[in-house]
Amino acid sequence: MARLFGTDGVRGVAGQDLTAALALELSIAAARVLARGGGGARPRAVVGRDPRASGEFLEAAVVAGLASTGVDVVRVGVLPTPAVAHLTGEMDADFGVMLSASHNPAPDNGIKFFARGGQKLEDALEEEIEGMLGVPSSPVVGDGVGRVVDAHDGAERYVEHVLASVPHGLRGLKVVVDCANGASCTVAPEALRRAGAEVVVIGDRPDGYNINEGCGSTHLEALQEAVRLHGADAGIANDGDADRCLAVDAEGRVVDGDQILAILATEAKDAGRLAENTLVVTVMSNLGLKLAMERAGITVVETGVGDRYVLEEMRRGGFGLGGEQSGHVILLDHATTGDGVLTGLHLLSAMAHRQQGLAELAKVMTRLPQVLVNVKDVDRSRVGESEELTAAVRAAEEELGETGRVLIRPSGTEPKVRVMVEAPEQEQATAVAERLASVVRSALG
């Protein structure tokens, strides 16, 4: 039986894969696993969502499941995922629940659980929740059932939290923020304004169906156009649940997650705030980032692909900064998960502190040309077994030397093998990637 939890909770097409019945059962199972603390007090959970239309019925199912097991529920409404994580910790709740499919289109939705303190669940806890699905339990009746209340101050508490972390005010900066018609529509503009920036807002008209549609961190064209149109110093883009942040400079050029990490790492190191003088990234981060960190005297630790693996390594090593090229940036001193609003504030704070434009700051690293080819309909399980593929990779690595890189890995969710090549020149990266993709097709097809 396929595992229900993926790399970021349970996700699928709402009403088809992720039904109200499944949401109800998941919440009951989660309550039995996560609300087992002692002390005699009734367990409590924080529940939030993004503005997807399906979030309304899924939230109702989750709340019903939790209350029916004797859990008191605090509904915080439409808020970013990192805000729900923060409030879970701040309210000393037993656990938190976020309904969102992040950067996915509106028909999708998902359920993500946070443990006490707003921490992401370990694999073992997710497996325990799955194991509880459908297991009979004694009914909770009378005064044992949970109560449901709405917290109307969640957004304000979150905004105050992120603002308290910003080292330098943003006065004098003009910023465009794209909220992806998602969960950051109220909090991101408010936080930027209160930090001192002049703010232009786009992607702030959620109707339940337009989340991530032609906007946000997955579609930067609207932000690029708005930055140029308004003569802004920079643009900040979140995704639907605002756990990601990408940026564009004053000319509309993209500043990706690797460049943001490079800027934040060097800024933190210069201020003596970079824990263990280390940055944690995934194997997909651009080689240019690693070379830049080497020049800056910063150690780079690599993990598998996925922000949960970055976070695990950060906790294990006592590191404070890590993330992914996609814009998941974790500032562990201030957040328990990737936080797009927090990241945007700290990036702009670096601009204000150094009195430099984003384009100038981004020069801290030079992105090497990177080509990614997805080879479909092959046996991804044999990636490490094919001698033909191993020989081809070895030859490519010899050709590229220390100025390039090859990474071939099976997709975690689809019958694909991903071929990634970096090289000093775009033409060479493309040629090597296409050659290796051809070997993957012949060796694994």
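The closest donor-acceptor contact from the side chain of Asn210 to the backbone of Asp207 lies under 3.5 Å. Asp204 contributes no side-chain N or O that, together with a main-chain N or O of Cys179, makes up a donor-acceptor pair within less than 3.5 Å. A donor-acceptor pair under 3.5 Å links the side-chain atoms of Thr336 to the main chain of Gly118, judged by distance alone. Judged purely by atom type and a 3.5 angstrom limit, Ser285 has no side-chain atom pairing as donor or acceptor with the backbone of Val281. In this structure, the side chain of Arg49 does not engage the main chain of Gly77 through any donor-acceptor pair within 3.5 Å. A donor-acceptor pair under 3.5 Å is formed between the side chain of Thr403 and the backbone N or O of Leu400. Judged purely by atom type and a 3.5 angstrom limit, Glu130 uses its side chain to pair as donor or acceptor with the backbone of Leu4. Panel note: side chain Asn212, backbone Gly240; a donor-acceptor pair is recorded below 3.5 Å. With hydrogens and angles disregarded, a donor-acceptor distance shorter than 3.5 Å links the side chain of Gln224 to the backbone of Gly252. A donor-acceptor contact shorter than 3.5 Å links the side chain of Asn277 to the backbone of Gly297.
For Ser54 and Asn109, the side-chain atoms include at least one donor-acceptor pair closer than 3.5 Å. Looking only at atom types and distance, the side chain of Ser442 has a donor-acceptor partner in the side chain of Glu388 under 3.5 Å away. Side-chain contact check for Tyr158 and Asp153: no donor-acceptor pair (N or O, by modelled atom type) lies under 3.5 Å. No side-chain donor-acceptor contact under 3.5 Å links Asp239 and Ser217.
The two atoms that bring Val393 and Leu436 nearest to each other are N-CD2, 4.0 Å, heavy atoms only. For Asn238 against Ala180, the heavy-atom pair with the smallest separation is O-CB, 3.5 Å. When all heavy atoms of Ile330 and Gly338 are compared, the closest pair comes out as CG1-N, 3.8 Å. Considering every non-hydrogen atom in both Val373 and Ala437, the closest pair reads CG1-CB, 3.9 Å. Closest non-hydrogen pair, Leu99 versus Gly55, comes out as CD1-O, 4.2 Å. Closest heavy-atom contact between Gln356 and Leu361: OE1-CD2, 3.0 Å.
A salt bridge between Lys290 and Glu294 is absent, with no side-chain N of the basic residue lying under 4.0 Å from a carboxylate O of the acidic one. Here Arg157 does not pair with Glu160 in a salt bridge; the nearest charged N to carboxylate O distance is not below 4.0 Å. With salt bridges taken as basic N to acidic carboxylate O contacts below 4.0 Å, one links Arg367 and Asp256. The pair Arg354-Glu360 does not count as a salt bridge, with every side-chain nitrogen at least 4.0 angstrom from each carboxylate oxygen. Asp8 and Lys120 are joined by a salt bridge, as a carboxylate oxygen and a charged side-chain nitrogen come within less than 4.0 angstrom of each other. Note on Glu126 versus Arg308: salt bridge recorded, some NZ/NE/NH1/NH2 to OD/OE distance being below 4.0 Å.
Surrounding CD of Glu225 are at most 12 heavy atoms belonging to other residues, nucleotides or ligands under 6.0 Å away. Summarising the local packing, CZ of Arg273 is surrounded by more than 12 heavy atoms from other residues, nucleotides or ligands at distances under 6.0 Å. Heavy-atom neighbours of Glu425 CD from other residues, nucleotides or ligands within 6.0 Å: at or below the threshold of 12. Applying the 6.0 Å contact sphere to CD of Glu156 captures more than 12 heavy atoms from other residues, nucleotides or ligands. Enclosure of atom CD in Gln119 by more than 12 non-hydrogen atoms of other residues, nucleotides or ligands within 6.0 angstrom is indicated.
The ring-ring contact (aromatic ring centres under 6.0 Å, His included) check on His161 picks up His86, with sequence neighbours excluded. Under the ring-ring contact (aromatic ring centres under 6.0 Å, His included) criterion, His168 pairs with His353, not counting sequence neighbours.
Rounding to the nearest 0.5 angstrom, the gap separating the CD atom in Glu251 from the CZ atom in Arg228 is 8.5 Å. One distance of note links CG of Asp178 with CG of Leu246; it measures 10.5 Å at 0.5 Å rounding. Here the CZ atom belonging to Arg44 is positioned 10.0 Å from the OG1 atom belonging to Thr88, to the nearest 0.5 angstrom.
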* **Full working for side chain to side chain contact (heavy atoms under 4.5 Å, CB included) between Leu332 and Leu311** => CA-CA 8 Å; Leu332 203 53; Leu311 185 56; 3.6 Å; yes

* Please lay out, stage by stage, how Thr343 and Ile260 fare under the test side chain to side chain contact (heavy atoms under 4.5 Å, CB included). => CA-CA 8 Å; Thr343 299; Ile260 291 171; 3.8 Å; yes

* To do: Go through the steps to decide whether Gln325 and Thr282 satisfy the test side chain to side chain contact (heavy atoms under 4.5 Å, CB included), and finish with yes or no.
  => CA-CA 8 Å; Gln325 190 180 81; Thr282 78; over 6 Å; no

* side chain to side chain contact (heavy atoms under 4.5 Å, CB included) evaluation trace for Val97 with Lys112 -> CA-CA 6 Å; Val97 188; Lys112 185 187 306 186; over 6 Å; no

* Asked: Would Arg116 and Asp94 count as a salt bridge (Lys or Arg N to Asp or Glu O under 4.0 Å) if you check the C-alpha gap in whole Å, the side-chain angles of each, and the deciding distance to 0.1 Å?
  -> CA-CA 5 Å; Arg116 181 176 287 278; Asp94 291 80; 3.0 Å; yes

